[in-house]
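The next block holds one structure in the form of structure tokens; read it before the comments.
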Amino acid sequence: KKQGSKNMLPSWSELADERSLPQETYRMGYEQGWSFVSYVTGQFGRDARNSWLKAAGSDDIESATLQVFGMTFQELDGDWRSFMAATSMS
């Protein structure tokens with residue numbers, strides 16, 4: 001499997017406790033987060049991304065994702081992971 005493969009990316013829950021992560025995985029978490037937010041920006045635009053981040057700051061990520069994008073966080077995450085897998089193969 002290639003590095004960007006959908007199955008090679010850690011889950012968000014795996015990245016949640018940085019104290020228990022190996023250093024390499026910890027660094028990957030920053031890169032994965034940047035990639036995810038960049039994907040969100042590309043798909044929905046800066047204004048929607050900013051609205052989503054603001055909503056997530058005052059509510060949970062699931063509610064914010066439903067409110068701003070009309071999909072679950074799991075769906076958004078799956079779309080991003082599929083995008084990553086497809087782009088790593090090109």
Side-chain angles (χ1 to χ4, degrees):
K1 291 177 184 171
K2 294 193 175 205
Q3 181 67 22
S5 171
K6 184 176 175 180
N7 296 325
M8 294 286 292
L9 297 168
S11 70
W12 298 110
S13 60
E14 289 175 295
L15 296 173
D17 184 7
E18 71 274 359
R19 294 170 292 172
S20 67
L21 295 174
Q23 187 66 26
E24 182 179 314
T25 306
Y26 180 76
R27 280 193 304 269
M28 181 187 279
Y30 283 99
E31 294 171 10
Q32 184 168 317
W34 180 88
S35 173
F36 186 77
V37 172
S38 293
Y39 172 80
V40 167
T41 304
Q43 292 299 307
F44 302 100
R46 291 175 59 193
D47 291 342
R49 179 208 58 207
N50 291 344
S51 294
W52 176 63
L53 293 172
K54 184 177 180 181
S58 59
D59 206 347
D60 62 273
I61 194 75
E62 184 65 38
S63 297
T65 306
L66 278 169
Q67 175 189 342
V68 177
F69 303 133
M71 61 174 47
T72 66
F73 183 79
Q74 185 176 358
E75 290 170 321
L76 178 61
D77 182 55
D79 289 352
W80 168 73
R81 288 175 187 274
S82 294
F83 171 80
M84 292 297 292
T87 57
S88 72
M89 298 178 124
S90 49

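Here the structure is a predicted model, which means the values were calculated and not measured.
Ring geometry, W52 versus F36: the interplanar angle falls from 30° to 60°, so the pair is classed tilted.
Counting all heavy atoms, side chain and backbone alike, L76 lies closest to T65 at CD2-CG2, 3.9 Å. The two atoms that bring V68 and A48 nearest to each other are CG1-O, 3.5 Å, heavy atoms only. Among all heavy-atom pairs drawn from I61 and A56, the shortest one is CD1-CB, 3.8 Å.
With rounding to the nearest 0.5 angstrom, the CZ atom of R81 is 10.5 Å from the CD atom of Q74. The distance from the CZ atom of F69 to the CD atom of Q43 is 10.0 Å, given to the nearest 0.5 Å. Here the OG atom belonging to S38 is positioned 9.5 Å from the CZ atom belonging to F83, to the nearest 0.5 angstrom. Separating the NZ atom in K54 from the CD atom in Q67 is a distance of 10.5 Å, to the nearest 0.5 Å. Rounding to the nearest 0.5 Å gives a distance of 7.5 Å between CG of D79 and CD of E75.
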Just do the side chain to side chain contact (heavy atoms under 4.5 Å, CB included) check on F44 and S51 with the steps written out, would you?
CA-CA 11 Å; F44 302 100; S51 294; over 6 Å; no
Quick one, D60 with F73, criterion side chain to side chain contact (heavy atoms under 4.5 Å, CB included). Give me CA distance, side-chain angles, the key distance, then yes/no.
CA-CA 10 Å; D60 62 273; F73 183 79; over 6 Å; no
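Side-chain heavy atoms closer than 4.5 Å link hydrophobic residues (I, L, V, M, F, W, Y) into clusters, and following such links, even through other members, never connects L66 to L53.
Checking side-chain atoms of T41 against main-chain N and O of V37 turns up a donor-acceptor pair under 3.5 Å.
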